[in-house]
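Predicted, not measured: the structure shown is a model, and the values here were computed from it.
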Amino acid sequence: MKSLFRSREIWLLLVIAAMIFATDLRAPGFASLPRLEDILEDSSILAILALGQMIVILTRSIDLSMASNLALSGMIVALINQYYPGVPVPGLMAIATLSGLLLGAFNGLFVWRLGIPAIVVTLGTLTIYRGVIFLIAGGQWVNADAFTPDFVALTRIEMLGLPLLIWYAVAIIAAFYVLMTRTSLGRAFYAIGVNPTAAVYAGINVGKTTFWAFCLSGLLSGFCGYLWVSRYVIGSVEVAKGYELTIVAACVIGGISISGGVGNVAGAVLGSLFLGVINVALPVINISPFWQMAISGAAIILAVVLNSRGEKRGARLILKNAESA
Amino acid sequence: MTEISHETRFIPDRLEKPWRSAFFSWPTLLLAVGVILFIVNSFASPYFLSPWSLSDATFNFTEKALIALAMALLIIAGEIDLSVASIIALASTMMGLALQYGVDTPGLVSIGIVTGIVCGMFNGFLVTGLGLPSIVVTIGTMSFFRGISYIILGDQAFKGYPESFAFFGQGYVWWVFSFEFVLFLVFALLYYVLLHRTNFGRHVFAIGNNPVAAQFSGIRVQRVKFLLFCLTGIMSGIAAVLLTSRLASTRPSIAVGWELEAVTMVVLGGVSILGGAGTIQGVVIAAFIMGLVTFGLGLLNVPGIVMSIFIGALLIFVIALPIVYRKIKERRA
């Protein structure tokens, strides 16, 4: 029981519940099922992306190209859907995922084979991928009327009362929970983040594992490319612009340490949910949406301050000091 | 940065001859790239080689380059500031707000710069006072500072800056030399002296290479880092004055994405993103190169978004090239 309350995820969950409750006081009916469904739907894509970013951050890297990757993969399937409406939508999902995987592998190769710091590589591909969208689309937008009904429906159809978009997120979260806790690859991500030198002695190929982390974050970005375009029914160069930092923010709020090795699936999901609640709650309690940016900024700063207080207790920091000294 | 290198360092018995190391140094390589770009540009467009169009070209990088100068020091010391563009937005908003109360040019300029310093101190306090990782802190303050601009401005804009204020972003000191460009050169010189010719500069390198050793050598690591965050704050404030004056208006979306361009400039300039190495000369040349690429492609009617492909590719390949070269050399040996 005591250890339960020491866990960061429980506190984050309580804060989220408190936020929903407080909003409900100001605007009765907020803590109702349809609103909660809105929140889940709003945070689904972010949660999937945050999982990908989490894995990369665990390995002491960062992937700033996720939003551009998402936009490019999304544009590819949007264009295919516009010009070849016969291609079935599950095929398009596969194409988006594959394109994301390739773009992620490209990042990973530079980090693995050439040892260029991840932040530099993904800073570069962030602008490259977004520029390529403009090239392949010829500067055009893919508008709402250009999509086939199926393309739009496959995130909206309800299953057991919830739209498919939420189920995709649930399935991916479950898969990643298994990956991170029950497979050797998942544990390897933690191992190289906590201590790369020790990981080498434990027989883990640090470079290759980092490469896989980038492949996974790319794969998820690509899949989210389809989800994003289908949910917002638009394909353009501007899709998800600046979103890369929102993804990092969700991870940070979820208690994933930027210095690697610390963090879990629940944290990433709750961090995304936190931002999702803010998004949905602000307009409901008549706060201008222009407040949203400052509030999420303040939340990030607060989260990182609280997390660092939390880390100072316990034995983990002593080990860390010894390592960096 | 967050990564810790565990490789052993290769320390040669004898240093390379100075002319040889100067010839193969990063700034020289960059300079060669710059000269090639210049020649290609002048062949590609007949409008390129006129003093006035070259002068126009400087406007699209001087403001970012001013920030890059301070950012270079910060990155060499092993930290980073991603909130610089948001500081510009906030400083510009504060100037616009002051304008509504009838503040005149000198007041506006000081408000812009003071806002920059305050933001820099805030970042510096969070990083050095509370011991938080700068990359996360400044991602937070990046939303926070710009968020305040959005709260104040919404979808509105501040306009109607006085005519005397226009000089900073639009005025010329002498012939084709704009105030912005001259200011950049002066600051480049100042930062060169600060980083390469003073104790403070040596401390910055020492901290970047090994903060623990620097601490034990009697360097006040946290204080130096705090000052560096103040410096990026000041430079962002100055850039805000120039940009606001040049555009003669303030919107909350001003300078979006500049933080990444400033970092690109610094890294392209040969500053190690892991800290501990880099030169101001490199950053200055990188600024010119990015200006040349943007301007040259602009003359050829290449849209801005396509230019960003070139900038991104330039960043990756300029850094990959020496590594690939070294790998091939190692394989042969």
Practice task
Kindly indicate, with the supporting measurements, whether the criterion side-chain contact (heavy atoms from CB on, under 4.5 Å) is fulfilled by A:F110 and B:I323.
Solution key: CA-CA 11 Å; A:F110 273 92; B:I323 300 176; over 6 Å; no

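- Proximity to chain A involves both the backbone and the side chain of B:V136, based on heavy atoms less than 4.5 angstrom apart.
- Once rounded to the nearest 0.5 Å, the distance linking CD1 of B:I151 with CD1 of A:I287 reads 9.5 Å.
- Interface remark: A:L114 contributes backbone and side-chain atoms alike to the contact with chain B (heavy atom separation under 4.5 Å).
- Neither the backbone nor the side chain of B:P252 comes within contact range of chain A; no heavy atoms are under 4.5 Å apart.
- Both the backbone and the side chain of A:T125 have a heavy atom closer than 4.5 Å to some heavy atom of chain B.
- The environment of CE in B:M121 is sparse: at most 12 heavy-atom neighbours from other residues, nucleotides or ligands sit within 6.0 Å.
- Side-chain contact between A:I301 and B:F122 is present, with at least one heavy-atom pair separated by less than 4.5 Å.
- In this structure, B:I316 CD1 and A:N107 CG are separated by 7.0 Å, a value rounded to the nearest 0.5 Å.
- Using a 4.5 Å cut-off between heavy atoms, A:V252 touches chain B through its side chain atoms alone.
- The shortest heavy-atom contact between B:M142 and A:L245 is CE-CD1, 2.8 Å.
- At most 12 heavy atoms of other shown residues, nucleotides or ligands fall within 6.0 angstrom of atom CH2 in A:W212.
- Only the side chain of A:I62 has a heavy atom closer than 4.5 Å to any heavy atom of chain B.
- With a 4.5 angstrom heavy-atom cutoff, A:V237 touches chain B only via side-chain atoms.
- Summarising the geometry, atom OG belonging to B:S143 is positioned 10.0 Å from atom CD belonging to A:Q292; distances are rounded to the nearest 0.5 Å.
- Note that CD1 of A:I128 and OG of B:S308 are 8.5 Å apart. Values are rounded to the nearest 0.5 Å.
- Atom-to-atom distance recorded for B:F144:CZ and A:I300:CD1 is 11.0 Å, nearest 0.5 angstrom.
- Both the backbone and the side chain of A:V304 come within less than 4.5 Å of a heavy atom in chain B.
- Contact tally against chain B (heavy-atom pairs below 4.5 Å) for A:V121, A:L123, A:V248, A:L135: the top residue is A:L123.
- Neither the backbone nor the side chain of B:F145 comes within less than 4.5 Å of any heavy atom of chain A.
- With a 4.5 Å cut-off on non-hydrogen atoms, A:L126 touches chain B through its side chain but not through its backbone.
- Your options are B:V256, B:D155, B:V263, B:V137, and the one with the most heavy-atom pairs under 4.5 Å with chain A is B:D155.
- Distance CZ/B:F310 to OG1/A:T127: 12.0 Å, rounded to 0.5 Å.
- Contact between A:R113 and B:K327 at its shortest, heavy atoms only, is O-NZ, 2.6 Å.
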